[in-house]
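Read the structure below first, then the notes.
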Amino acid sequence: PSCSPDGHRRAGFCGRPVRLVLHEPPAAGEVLQAWARFEVASAEPLWPDGSLLPEEELEKAKRTRQSPLLPWMRAEVIHRGPTAAIIINEQLLGYHYQWLSTKATCDEAHCIRVYLAESTPGTSSSGMQLRCLE
């Protein structure tokens, strides 16, 4: 994320919202969710396409004001005609990278990876699972 118009701040608050546009979103009637987290850019996605996660698992690991160090950020999805907007961190919770830097990893790029998912009936105790779409 860009912390300021001048680029990333090395110190102080970093927490501007990130906004994305989907130019070919699923139909507006589908229950679409977007979840994001920081990951090593070169690593395989933690939630592969087509795989299922219990919704309750993501909710337990969702960042909030009370738990700012948890990894998952739930993004807002807004359908706008033929596109959809995804807004991450609209509540200005800041960003916690969970990044431990060493001599070997200090230059390794990390990114916000956004996962799109649809709700499906499942076998978790809450009864809902999320299928990763992209």
Side-chain angles (χ1 to χ4, degrees):
S2 177
C3 313
S4 71
D6 300 327
H8 183 65
R9 291 183 186 167
R10 298 213 174 264
F13 181 71
C14 174
R16 291 178 58 176
V18 173
R19 292 177 175 88
L20 308 168
V21 175
L22 288 176
H23 291 283
E24 295 182 26
E30 293 184 36
V31 179
L32 180 67
Q33 291 188 26
W35 290 82
R37 61 177 290 147
F38 283 98
E39 298 179 12
V40 174
S42 61
E44 291 294 316
L46 291 175
W47 191 4
D49 292 355
S51 64
L52 295 171
L53 278 178
E55 188 170 10
E56 65 185 322
E57 184 178 316
L58 289 167
E59 287 291 339
K60 286 179 185 175
K62 180 175 73 174
R63 184 171 302 163
T64 63
R65 290 203 188 283
Q66 295 77 26
S67 300
L69 303 182
L70 293 176
W72 286 100
M73 296 171 278
R74 177 126 184 221
E76 184 177 0
V77 179
I78 303 168
H79 286 273
R80 295 182 176 148
T83 65
I86 297 174
I87 304 170
I88 303 163
N89 193 32
E90 191 168 34
Q91 304 82 16
L92 303 177
L93 297 177
Y95 293 106
H96 178 68
Y97 295 81
Q98 296 182 325
W99 185 257
L100 298 176
S101 182
T102 66
K103 284 183 181 181
T105 64
C106 65
D107 292 326
E108 195 164 20
H110 54 283
C111 64
I112 291 180
R113 189 164 282 156
V114 179
Y115 296 92
L116 299 178
E118 64 181 348
S119 296
T120 62
T123 57
S124 68
S125 61
S126 70
M128 292 306 293
Q129 298 225 19
L130 296 175
R131 180 182 314 280
C132 184
L133 300 174
E134 296 183 29

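For the pair Arg63 (side chain) and Pro68 (backbone), a donor-acceptor distance under 3.5 Å is present.
Cluster membership check: Leu32 shares its hydrophobic cluster with Val18, using side-chain heavy-atom separations under 4.5 Å among Ile, Leu, Val, Met, Phe, Trp and Tyr. Residues Leu133 and Ile88 share a single hydrophobic cluster, defined by chaining ILVMFWY side chains whose heavy atoms lie under 4.5 Å apart.
Evaluation of the salt bridge (charged side-chain N to carboxylate O under 4.0 Å, His left out) rule for Lys60 yields no partner, not counting sequence neighbours. Qualifying side chain to side chain donor-acceptor pair (under 3.5 Å) partners for Glu59, counting only residues two or more places apart in sequence or in other chains: Lys62, Arg74.
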Given Trp47 and Leu58, is the side-chain contact (heavy atoms from CB on, under 4.5 Å) satisfied, shown in steps?
CA-CA 11 Å; Trp47 191 4; Leu58 289 167; 3.7 Å; yes
Verify side-chain contact (heavy atoms from CB on, under 4.5 Å) between Leu116 and Cys132, making sure each step is shown before the conclusion.
CA-CA 6 Å; Leu116 299 178; Cys132 184; over 6 Å; no
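Considering all non-hydrogen atoms of both residues, Glu39 and Glu44 come closest at OE1-O, 4.3 Å. Nearest approach of Arg37 to Pro71, heavy atoms of both residues: CB-O, 3.3 Å.
Side-chain contact between Leu130 and Ser119 is present, with heavy atoms from C-beta onward closer than 4.5 Å.
Residue Ile87 belongs to a hydrophobic cluster whose other members are Ile78, with links defined by side-chain heavy atoms closer than 4.5 Å.
Interatomic distance, CG of Asn89 versus CD of Glu76, reported as 12.0 Å (0.5 Å rounding).
Relative orientation of the Trp72 and Trp35 rings is perpendicular, given thresholds of 30° and 60° on the angle between their planes.
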